[in-house]
Novice: 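After the structure tokens below, expect a handful of questions from me.
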Amino acid sequence: MIDFQPNRARGAGPTLVEQLVAAILRAIEEQVLRPGMSLPSVREFARQYGVSTFTVASAYSRLVSLGWLAARPGAGYRVASPDAPARRGEALSWEPPRLNAGWLLSDIFADHSIPIKSGCGWLPGEWLNEEGLHVALRHMGRVPAMRIANYGHPYGYAPLRETIAASLSAQGMEVDVSQVLLTQGVTHGLDMVIRTLLRPGDTVVVEQPAYANLLQMLRLAGLRVVAVPRTVDGLDCEALERVAAQHRPRALFINTVLQNPSGASIGMANAFRILQAAERHGLWVIEDDISRELAPGVTPMLAALDGGHRVVYLGGYSKVISPSVRVGYVVAHRDLVRDIARTKMAVGLTSPEIMERIVHQVIREGRYRAHIARTRERLAQAHGVVAEQMRQHGFEIHGRPQGGLFLWAKVSGAWRERGANGLAELALKDGIWLAPGSYFEADEADTPWVRFNVAYSEAPALWRFMRNAGAA
């Protein structure tokens, strides 16, 4: 019925999702698919054409948002009625959302209408460990209902906590299971740590640039935020010393490995200097280590070097299992973990044990390490392709991490002086989502820097836009 021949060659052009969207649009144009006709279910289509269910679901969702398909609970997907757009050209003339902080922090995660998501922070659906998730979900279907009928333990599902403690111990961080608290992702963990350790009016140090959601959380908590530059090798420790002496901050928030947004990782010498400064100035160090499993080679872990004294360590699984699997963890001194658990129970009760059991099953199922290795390889290939595009188009890259999701690059042309906010607004009208530097600045200043997710940045349309917009 649908002429779809997936091209999986690296760097060959459109993603599988884009190829599938185009194939369904052709079938509608040629009246192979007519208004009211049903499409195969997501699982059936994936099986028939040899692609992942994530790819099919993403393509169907995009076509629903463009008005070509209609979705009804229990009835699957059908071709939209004749009063929907009747020609392919009309489907692309959607109104882009308004680019602002509210859209970034909420609506964007449900917005499937944007074809090229260079600014997003997650892996493409077709890269995820689909088979591992299916095995875990089938396993959950065999768990007696009475085992998951209650709230669960305040610290989270014990077998997963034991697995996390063993994994961290193998990396040189001696951890007892009583020091591990499960959360609904790293962002939730950061919120719990902020609520427990800090009070409105306290001063904290962040990196420049820094994780966008962290900056929003710190503002909501009424904290005074001071930024210290992040270099290719790590944090600017001379600037940290000056800031600590002048402002007497209570905590330092740092993204040690494959930093969001710069993609850089700290070196060993830099790690020791950070910990020495923290000891001199009495700082808590909040180490966000969400991307460690994507890192090529060995990189320092502040919590392992610190021995559980001043460092609060956070990790999670949204980058490697699935963004929708909201499971993270906090590791710290057992007394502090007890306090954070009280905060967790006060504001949200326990974290979902069902999700925690799924993550535990994915990890122990057997394909997890192979999936991580394959993902690292694909990201390394994407880094090579995107970095070469940036070189050809005159972009300045902040280091060359060769791993992880992100490249941090400065645009050229007139936008270097004007800043990237206007460029992002213009790109959105062309169906391209960019993440301008202002998202990651403590003072929200417009800058010429842009965060690129390499897994979404190989599309030729992205680079045509850059040339036409004068950013290259």
Side-chain angles (χ1 to χ4, degrees), residues 1-29 33 39-71 76-80 85 88 91-92 94 96-97 107-131 133-134 318-319 321-324 371 374-375 378-379 381-382 385-386 405 427-428 430-435 452-465:
M1 181 183 292
I2 300 172
D3 182 15
F4 175 53
Q5 300 175 3
N7 180 356
R8 294 180 170 83
R10 296 291 299 160
T15 65
L16 287 176
V17 173
E18 292 164 346
Q19 293 175 43
L20 179 51
V21 167
I24 294 173
L25 285 173
R26 282 196 303 271
I28 294 172
E29 286 177 335
L33 290 173
L39 273 75
S41 71
V42 169
R43 189 175 297 279
E44 181 184 348
F45 195 108
R47 183 170 54 251
Q48 182 177 350
Y49 290 93
V51 294
S52 77
T53 55
F54 294 103
T55 296
V56 182
S58 296
Y60 280 8
S61 295
R62 187 177 300 176
L63 287 163
V64 168
S65 68
L66 293 173
W68 289 99
L69 299 183
Y77 294 87
R78 295 178 179 272
V79 179
R88 184 178 180 185
L92 299 179
W94 49 264
D107 296 340
I108 188 170
F109 295 102
D111 193 334
H112 299 285
S113 68
I114 303 166
I116 300 174
K117 297 181 176 65
S118 297
C120 78
W122 53 85
L123 289 172
E126 56 264 35
W127 287 33
L128 298 177
N129 182 10
E130 182 179 9
E131 182 58 31
L133 280 169
H134 284 168
S318 63
K319 301 299 184 194
I321 294 181
S322 171
S324 64
H371 165 67
R374 185 168 60 252
T375 302
R378 295 182 77 170
L379 285 170
Q381 292 172 349
V385 172
V386 176
L405 291 174
L428 203 55
D430 268 20
I432 298 168
W433 170 28
L434 298 179
F452 290 85
N453 182 333
V454 297
Y456 288 88
S457 297
E458 297 181 50
L462 168 65
W463 301 103
R464 284 197 301 271
F465 164 79

Novice: For Ser318, what residues pass the side chain to side chain donor-acceptor pair (under 3.5 Å) criterion, not counting sequence neighbours?
Specialist: none

Novice: State, to 0.1 Å, how close Ser118 and Leu462 come at their nearest heavy-atom pair, and which atoms those are.
Specialist: OG-CD2, 3.4 Å

Novice: What pairs with Phe4 under ring-ring contact (aromatic ring centres under 6.0 Å, His included), at least two apart in sequence or on another chain?
Specialist: Tyr49

Novice: Tell me the closest heavy-atom pair linking Pro6 and Leu16, and the distance in Å.
Specialist: CB-CD2, 3.6 Å

Novice: Backbone N or O of Asn7 within a donor-acceptor pair of the Gln19 side chain at under 3.5 Å?
Specialist: yes

Novice: Measuring from atom CZ of Arg26 to atom CD1 of Ile2, what distance do you get when rounded to the nearest 0.5 angstrom?
Specialist: 10.5 Å

Novice: Does Leu39 reach the side chain of Ile24, with side-chain heavy atoms less than 4.5 Å apart?
Specialist: yes

Novice: For Gly121 versus Leu405, what's the shortest heavy-atom pair and its separation?
Specialist: O-CD1, 3.4 Å

Novice: Is there a side-chain contact between Phe452 and Leu434 (heavy atoms, below 4.5 Å)?
Specialist: yes

Novice: My understanding is that only residues two or more places apart in sequence, or in another chain, count here; which of them pass side chain to side chain donor-acceptor pair (under 3.5 Å) with Thr375?
Specialist: none

Novice: Only counting residues at least two apart or in another chain, list the ones meeting side-chain contact (heavy atoms from CB on, under 4.5 Å) with Pro124.
Specialist: Glu126, Trp127, Ala455, Tyr456

Novice: Shortest non-hydrogen contact from Pro323 to Leu128?
Specialist: CD-CD1, 4.2 Å

Novice: Determine whether a donor-acceptor pair (N or O, by modelled atom type, separation under 3.5 Å) exists between the side chain of Trp463 and the backbone of Ser457.
Specialist: yes

Novice: In chain order, what residues pass the side-chain contact (heavy atoms from CB on, under 4.5 Å) check against Ala57, with sequence neighbours excluded?
Specialist: Val42

Novice: Can you tell me how far the CG atom of Leu63 sits from the CG atom of Leu20, to the nearest 0.5 Å?
Specialist: 7.5 Å

Novice: Determine the minimum heavy-atom distance between Ile432 and Ala461, stating which atoms define it.
Specialist: CD1-O, 3.9 Å

Novice: Measure the shortest side-chain to side-chain distance between Leu123 and Lys319 over non-hydrogen atoms and say whether it is less than 4.5 angstrom.
Specialist: no

Novice: Mind checking side-chain contact (heavy atoms from CB on, under 4.5 Å) for Ser41 and listing every partner two or more places apart, or none if nothing turns up?
Specialist: Arg43, Glu44

Novice: When rounded to the nearest 0.5 angstrom, what is the spacing between CH2 in Trp433 and CG in Asn453?
Specialist: 8.5 Å

Novice: Answer yes or no: is there a side-chain heavy-atom contact under 4.5 Å between Trp68 and Val21?
Specialist: no

Novice: Do Ile116 and Phe465 touch side chain to side chain, with heavy atoms closer than 4.5 Å?
Specialist: no

